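The next block holds one structure in the form of structure tokens; read it before the comments.
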Amino acid sequence: MSGIEEIERRARAIAERALEAIAAADDEEALGRLRVEFLGSKSELMRIPKAFAGLAAEERPAAGRAFNRARSAIEEALARRAEELRRARLADLGASEAIDVTFPGRPPQVGRLHVLTRIQREVETVMERMGYHVEDGPEVETDWYNFEALNLPRGHAARDMQDTFFFNETEDLLLRTHTSPMQIRSMERLRRPPIFVIVPGRTYRRDATDASHLAQFMQVEALAVDEGLTVGDLKGTILYFAQSLWGAERRIRIRPSFFPYTEPSFEFDLSCGVCGGVGCRACGGDGWLEVGGCGMVHPNVLRNGGIDPDRYTGFAWGFGIERIAMLRHDVDDLRLFYENDLRFLEQL
Amino acid sequence: MRVSFEWLCDLAGVHDLAPDQVAEALTLAGFSVEEVRPVDLSGILVGRVLEQQPHPSSRTPLWIHRVDLGDHTRTIVAGASNATPGSLVPVALPGTRVPGGTLVRDGKIAGVPAQGMLCAEDELLISDDHSAIMLLDEGHPGQRLEELLPSDAWLEVEVTPNRPDCLGHLGLARELAAALGRELDRPFMPPFTGGVEPPGTDLVTVEIEAVDLCRRYIGAPISGVRVGPSPRWLRRRLYAAGVRPINNVVDVTNYVALEYGQPLHAFDLARIAGRTIVVRRARPGETLRCLDGETRRLSPDMLVIADAERAVAIAGVIGGEESGVTERTTDVLLEAANFDGVGVRAVSRTLRLRTEASSRFEKGLSPELALAGARRAAALLAQVAGGRVHVNWVDAYPRPQEPVRVRLRPEQVDALLGVHVPLQEMEDILRRLAFQVRVGEDGYWDVLPPVFRLDVRLPADVVEEVGRIYGYDRVPPTLPGGRRTSWLPAAPSRDRRLDPLRHALAGAGYTEVVTPAMVSAALLERLGLADRVMRVINPISDEQDAMRTALLPSLLQVAVLNRNRGRASVAVFEVARAYLALPGPPRQPEEPLRLGVLRTGLSGPEEGRAAFLELKGALERALDAIGPVQVDYERAHAVGYHPGRCARVRVCGRPLGVVGELHPETMACFDLGGRAVALEIDLEPVLAMDLRRRARPLPRFPAVERDLAVVVDEAVEAAALEATIRSAGGALLESARAYDEYRGAQVPGGRKSVTFTMVFRSPERTLTDAEVNALVERIRSALAGEHGAAFRA
Ligand SMILES: [Zn+2]
């Protein structure tokens with residue numbers, strides 16, 4: 001090897017060869033090999049600087065420039081070619097890595113919450129938004145809380161409306177027939193109105209089981225006690241509740257009825273969602289669906305709860321959680337909720 | 001109560017409304033109309049049976065009739081045999097839909113032409129009798145039945161127990177008129193129409209011994225009665241209200257009961273010994289043969305009507321057969337009485353006999369109603385049976401009903417309803433409902449309810465009267481509001497706090513179930529879970545006669561149901577209460593809130609072990625979802641669980657339940673195949689723990705991870721090894737957890753290899769290899785010393 005010309009010529013020749021090979025490389029692996037071949041520490045190009053020692057001092061800068069020119073030409077060519085190949089690969093991605101996107105997904109094995117839990121929570125959420133809070137109490141109750149304190153003395157014919165399971169012959173220990181005992185317990189616990197509570201829970205009636213009757217079921221009961229509460233407030237509360245749960249176009253009506261623990265007492269109905277209240281088969285023709293019972297808390301009940309009925313009034317309303325679930329999900333048989341056929345639960 | 005539309009509207013003076021409109025008005029006034037059934041008899045004709053022959057070939061007994069319909073005759077086949085030649089019968093021709101719903105077709109029955117139908121009473125909605133063809137006692141062939149029996153409609157009205165005064169057409173008519181804003185032009189108390197002087201001054205004597213159970217007893221002797229069929233108008237109304245006519249005397253008592261709601265009874269006076277009535281408690285051992293043909297044993301807690309010798313009726317429930325009215329009766333003793341509702345209800349329940357009379361009395365009637373009923377019945381008996389009513393009937397009424405006066409300010413009505421009801425309207429409403437209103441100068445009203453309304457005592461009761469007639473649809477909906485000076489801070493409910501646990505379990509593949517809390521006591525006993533069980537004394541079935549003491553049996557029943565319907569494995573959980581009796585006299589039990597989880601359909605011991613570990617993992621995830629609690633386990637034995645595969649679950653050191661594989665016997669008890677894992681823990685103690693999550697500073701230096709395979713005897717448990725590792729590792733050991741268990745070629749028999757992953761970290765610096773090696777060495781020697789451990793590379 002001799003002289004600057006020779007070095008410049010060699011560098012140019014290497015670069016030319018390299019560029020040609022790079023242009024011919026058709027995948028990134030080949031490019032990697034070419035990088036080693038032309039720029040690796042053992043490459044021909046990298047041997048060139050070893051010859052600088054034999055050059056005159058004033059020739060060395062030119063030799064260095066020739067070397068650098070060749071090296072950067074190769075590097076640029078490698079980078080350019082790599083970019084070209086990457087673009088080509090990405091352009092082809094849709095074909096090269098295509099999968100059958102219509103192939104069924106593989107869902108993870110998950111369970112779900114029971115529909116009654118979810119409905120209960122939804123009911124609670126609506127009521128909590130109105131300032132109510134959830135109270136919870138015993139299911140095995142005493143005669144006092146379940147009947148006597150609610151204006152249902154022994155021998156009262158209205159007790160026949162609530163056939164009862166008892167634990168003893170004196171019939172003073174029983175399964176609560178409604179969530180209403182919690183009216184008294186809540187008043188006793190909270191003492192000072194305003195009292196705005198909601199009581200979801202299991203209740204029991206000694207009824208034969210069929211598609212529309214269960215011996216064990218769930219109720220929700222709301223109780224409001226404050227100064228100046230009116231039937232209008234009861235109506236408004238139920239309307240807000242019904243529209244929150246079923247939609248703003250729904251209406252409610254209250255019909256006079258009788259419960260010993262409220263005065264006046266009502267049944268409340270929801271306008272049929274199928275016909276909008278005109279009457280159809282879903283609602284039995286009169287446009288209304290029965291939902292639950294309600295009324296202004298009877299003065300005796302307030303008194304039994306330790307609340308002064310001359311100062312405060314209250315209203316209470318309740319319904320079956322299953323009833324809400326039936327209306328919501330087109331379920332026609334109450335028993336399905338407690339049977340727990342997973343095929344049923346997985347639908348809802 | 002079944003109400004005749006015609007009767008109701010006649011009393012209410014309503015002639016311009018259709019049955020549906022009347023039903024709507026009643027419903028909105030508080031008398032829910034469950035059903036409106038038009039009884040359209042316009043298509044039915046009267047026919048006369050000419051011939052009747054048994055069907056020659058039919059296997060079921062059938063009868064072939066030739067029926068004269070005036071202008072022609074037809075052949076009609078029927079299943080009942082009572083339409084003998086000469087009978088007048090209702091006939092529906094082909095194409096007619098009878099009120100009961102059947103469409104009559106022209107066809108053949110077993111080869112014989114069937115050109116119409118002979119109607120039974122149920123088909124005409126006259127009664128529910130389907131046993132025989134209805135026989136008419138008047139009419140001529142071809143006549144339209146409607147001329148004899150006008151079309152009507154009946155309404156099934158639900159009368160709430162507080163309104164026994166509306167268990168009669170008159171009471172409902174008053175409500176209907178009031179709801180429609182009309183006047184009822186009929187006074188509650190009919191005039192007295194008796195007039196015959198008694199031959200002796202003491203025609204009958206009445207003595208009320210049990211004044212606590214009988215508030216009033218009117219005994220009206222009516223003589224010269226001719227017992228026979230009632231006139232058609234009367235029978236028609238009885239039919240329409242669902243009552244079968246019997247004879248004019250009995251019919252009148254039933255008619256008045258249906259009109260006023262006051263039960264009445266008629267005795268044959270000739271059979272009342274000593275012409276004496278004693279209202280007393282039954283004597284021990286006394287029996288009575290009742291009108292329904294049954295002989296009943298009476299007991300001293302039952303009130304009876306007796307003559308001088310023996311009981312002749314069970315007060316308010318049923319009359320005696322011997323003293324009843326027959327065709328030969330000439331003198332009648334009409335009873336109009338008032339019996340204590342609670343007493344009648346108790347007797348009716350004891351005898352398991354609920355009659356029209358008892359179901360009215362048990363709701364508590366006004367004693368004033370007795371007089372109205374007696375007068376009305378006496379007048380009717382005179383009219384339809386020719387009876388002579390005596391002036392001096394006996395009216396034993398020791399404690400007359402106290403008048404009720406409700407004092408209220410009319411503003412109270414507005415205040416409770418939330419709407420302004422004009423004073424005049426309020427007064428009109430009350431007057432139409434037969435209340436008297438006295439407007440005082442002090443702004444108070446004295447409201448006097450009518451004597452038959454025992455349910456009105458308080459101002460709120462009066463508000464209800466105004467409200468339901470005024471119309472609750474006119475009350476604007478509002479929401480409670482205003483300034484409050486006291487409140488409760490918001491806190492999520494217990495149930496809502498458990499929702500993250502539910503969601504975590506659902507995410508882990510378990511479906512929430514809700515199962516009945518009443519289960520079979522026998523099942524609990526079989527499973528050894530009957531300790532502390534609460535038993536119901538009046539169950540409907542022995543499938544549900546006790547409160548569950550554990551959730552596991554219910555979950556297993558869910559598995560059984562699903563297995564029977566084709567799903568061999570389930571993964572389910574429930575959050576619900578168990579009920580645990582407390583010692584001593586019966587009292588409210590503990591009702592601990594529990595979590596139960598069950599997974600079935602596992603096969604083989606290895607799958608059982610894997611499922612067990614997965615279940616533990618799911619439990620830890622679920623508990624962690626409600627709070628950062630520490631969960632550990634120790635070997636345990638529990639009822640129903642596998643003796644070698646059961647652990648006590650401890651949460652932050654408190655034993656709260658068990659987890660494990662189920663005992664094969666438990667599975668056999670439910671006829672379930674395969675293996676199952678389950679757990680049941682108390683949740684309330686968890687909710688009471690400190691569940692706040694606290695952030696800690698993030699580590700600033702890297703961790704060093706080392707695995708260690710520890711070979712120990714089979715009996716040494718992972719928890720013990722972990723404890724040793726932790727104490728030997730000291731503060732620089734961040735965590736240690738067993739992740740693999742191995743038995744086989746590389747481990748001597750009777751021993752196993754347990755691999756731990758250990759993480760070391762210092763909060764102050766990066767640990768060197770040498771430091772970690774020293775710690776691992778310390779751990780190894782502790783394991784070797786305490787557990788005889790060897791180590792695998
Ligand atoms: Zn509808």
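Bear in mind the structure is a predicted one, so any value in this text is a computation, not a measurement. Per chain, numbering begins at 1; letters A, B, ... match sequence-line order.
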### Query
Just wondering, are more than 12 heavy atoms of other shown residues or ligands nearer than 6.0 Å to CZ in A:R192?
no
### Query
Taking every heavy-atom pair that is under 4.5 Å apart, which of B:K363, B:H503, B:E465, B:E158 has the most such pairs with chain A?
B:H503
#### Entry: Donor-acceptor pair, side chain of A:N151 and main chain of A:Y261, under 3.5 angstrom
no
### Task
Against chain A, work out which of B:I540, B:V513, B:T478, B:V475 has the most heavy-atom pairs shorter than 4.5 Å and name it.
B:T478
### Query
If you count heavy-atom pairs under 4.5 Å between each of A:R206, A:Q109, A:H133, A:R255 and chain B, which one has the most?
A:R206
### Task
Flag the pair B:R345 / B:F361 as yes when at least one side-chain heavy-atom distance between them is below 4.5 Å, and no otherwise.
no
### Summary
Cut-off 4.5 Å, heavy atoms of chain A, and the answer for B:R468 is both
## Note on the structure
Under 4.5 Å to a heavy atom of chain A? For B:L458 that would be side chain
#### Entry: Proximal component of B:Q588, with respect to chain A [non-hydrogen, under 4.5 Å]
both
### Task
Could you tell me which portion of A:A208 (side chain, backbone, both or neither) has an atom closer than 4.5 angstrom to a non-hydrogen atom of chain B?
backbone
#### Entry: Top contributor to chain A contacts, counting heavy-atom pairs under 4.5 Å, from B:V572, B:L416, B:T515, B:V342
B:L416
#### Entry: Sub-4.5 Å side-chain heavy-atom contact between A:F259 and A:H298
no
### Query
Any idea which of B:P480, B:A460, B:P164, B:G418 has the most non-hydrogen atom pairs under 4.5 angstrom with chain A?
B:P480
### Query
Side chain, backbone, both or neither: which part of A:L173 has a non-hydrogen atom closer than 4.5 Å to chain B?
side chain
### Message
Could you tell me if the side chain of A:F315 sits less than 4.5 Å from the side chain of A:T237, heavy atoms only?
### Response
yes
### Query
Relative to chain B, which segment of A:D341 carries a heavy atom at a distance below 4.5 Å: side chain, backbone, both, or neither?
both
### Query
Between A:F241 and A:W317, is the ring centre distance below 6.0 Å?
yes
#### Entry: Pick from A:E135, A:E171, A:E346, A:E267 with the largest number of heavy-atom pairs that fall under 4.5 Å of chain B
A:E346
#### Entry: A:T164 versus chain B, the contacting section by heavy-atom distance below 4.5 Å
backbone
### Task
Could you look at B:L28 and say if it's the side chain, the backbone, both or neither that has a heavy atom under 4.5 Å from chain A?
both
#### Entry: A:T313 versus chain B, the contacting section by heavy-atom distance below 4.5 Å
side chain
### Pairs where residues 498-516 of chain B contributes a residue and the test salt bridge (Lys or Arg N to Asp or Glu O under 4.0 Å) is met, not counting sequence neighbours
A:R121-B:D499, B:D495-B:R502, B:D499-B:R502, B:R502-B:E512
### Part of B:N562 within contact of chain A (heavy atom distance under 4.5 Å)
side chain
### Task
Identify which of A:L175, A:I252, A:L342, A:L345 forms the greatest number of heavy-atom pairs closer than 4.5 Å to chain B.
A:L342
### Query
Measuring heavy-atom distances to chain A, does B:L479 have an atom under 4.5 Å in its side chain, in its backbone, in both, or in neither?
both
### Task
Tell me, out of A:E263, A:E128, A:Q120, who's got the most heavy-atom pairs with chain B below 4.5 Å.
A:E263
### Query
Is there a donor-acceptor contact under 3.5 Å from the side chain of A:Q216 to the main chain of B:M518?
yes
### Query
Which bit of A:D207 is near chain B, if near means a heavy-atom gap under 4.5 Å: side chain, backbone, both or neither?
backbone
### Query
Side chain, backbone, both or neither: which part of B:Q557 has a non-hydrogen atom closer than 4.5 Å to chain A?
neither
### Query
Are any side-chain N or O atoms of B:R565 and backbone N or O atoms of B:V560, one a donor and one an acceptor, separated by less than 3.5 Å?
no
### Query
Should B:E574 and B:R548 count as an ion pair when the cut-off is N to O under 4.0 Å?
yes
### Task
Tell me, for A:P108 versus chain B, whether the close heavy atoms (under 4.5 Å) come from the side chain, the backbone, both or neither.
neither
### Task
Evaluate whether atom CZ of A:R191 has more than 12 neighbouring non-hydrogen atoms of other residues, nucleotides or ligands under 6.0 angstrom away.
no
### Task
Check the surroundings of atom CD in A:E169: do more than 12 heavy atoms from other residues, nucleotides or ligands lie under 6.0 Å from it?
no
### Task
Measure the shortest side-chain to side-chain distance between A:F167 and A:V140 over non-hydrogen atoms and say whether it is less than 4.5 angstrom.
yes
### Interface moiety of A:L113 toward chain B, non-hydrogen atoms closer than 4.5 Å
both
### Task
Please look at A:P299 and chain B and tell me whether the side chain, the backbone, both or neither of the residue comes under 4.5 angstrom of a heavy atom of that chain.
side chain
### Query
So which part of B:Y579 gets closer than 4.5 Å to some heavy atom of chain A, the side chain, the backbone, both or neither?
side chain
### Query
Is there a side-chain contact between B:V421 and B:L417, using heavy atoms and a 4.5 Å cut-off?
yes
### Message
Using heavy-atom distances under 4.5 Å, tell me whether A:T125 contacts chain B through its side chain, its backbone, both, or neither.
### Response
both
### Task
Tell me whether the guanidinium CZ or amine NZ of A:R185 lies under 6.0 angstrom from the six-membered ring centre of A:Y145 and within 45° of its axis.
yes
### Query
Which atoms of B:R496 come close to chain A, meaning under 4.5 Å heavy atom to heavy atom: side chain ones, backbone ones, both, or neither?
both
### Query
For B:S348 and B:S358, which heavy atoms make the closest approach, and how far apart are they?
OG-OG, 4.0 Å
### Query
Considering only heavy atoms, which portion of B:R577 lies under 4.5 Å from any heavy atom of chain A: side chain, backbone, both, or neither?
side chain
### Task
With a 4.5 angstrom heavy-atom cut-off, could you sort out which part of A:L190 is near chain B: side chain, backbone, both or neither?
side chain
### Query
By a 4.5 Å heavy-atom criterion (distance strictly below it), what part of B:A517 contacts chain A: side chain, backbone, both, or neither?
both
### Task
Decide, yes or no, whether a salt bridge links B:D473 with A:R253 under the criterion of side-chain N to carboxylate O below 4.0 Å.
no
### Query
Quick one: what part of B:P539 sits under 4.5 Å from any heavy atom of chain A, side chain, backbone, both or neither?
backbone
### Message
Is there a side-chain contact between A:E124 and A:P200 in this structure, where contact means two heavy atoms from C-beta onward sitting under 4.5 Å apart?
### Response
yes
### Task
Determine the option with the most heavy-atom pairs under 4.5 angstrom with chain A, choosing from B:G341, B:A346, B:A29.
B:A29
#### Entry: Close side-chain approach of B:E362 to B:R354, heavy-atom, < 4.5 Å
yes
### Message
Between A:P181 and A:N146, is there a side-chain heavy-atom distance shorter than 4.5 Å?
### Response
yes
### Segment of B:V419 engaging chain A (4.5 angstrom heavy-atom cut-off)
neither
### Task
Among the options A:E339, A:M130, A:M296, pick out the one with the most heavy-atom pairs lying under 4.5 Å from chain B.
A:E339
### Task
Heavy-atom distances under 4.5 Å only: say whether B:P476 touches chain A with side chain, backbone, both or neither.
backbone
### Greatest number of heavy atom pairs closer than 4.5 Å to chain A - which of B:D414, B:V570, B:T27
B:T27
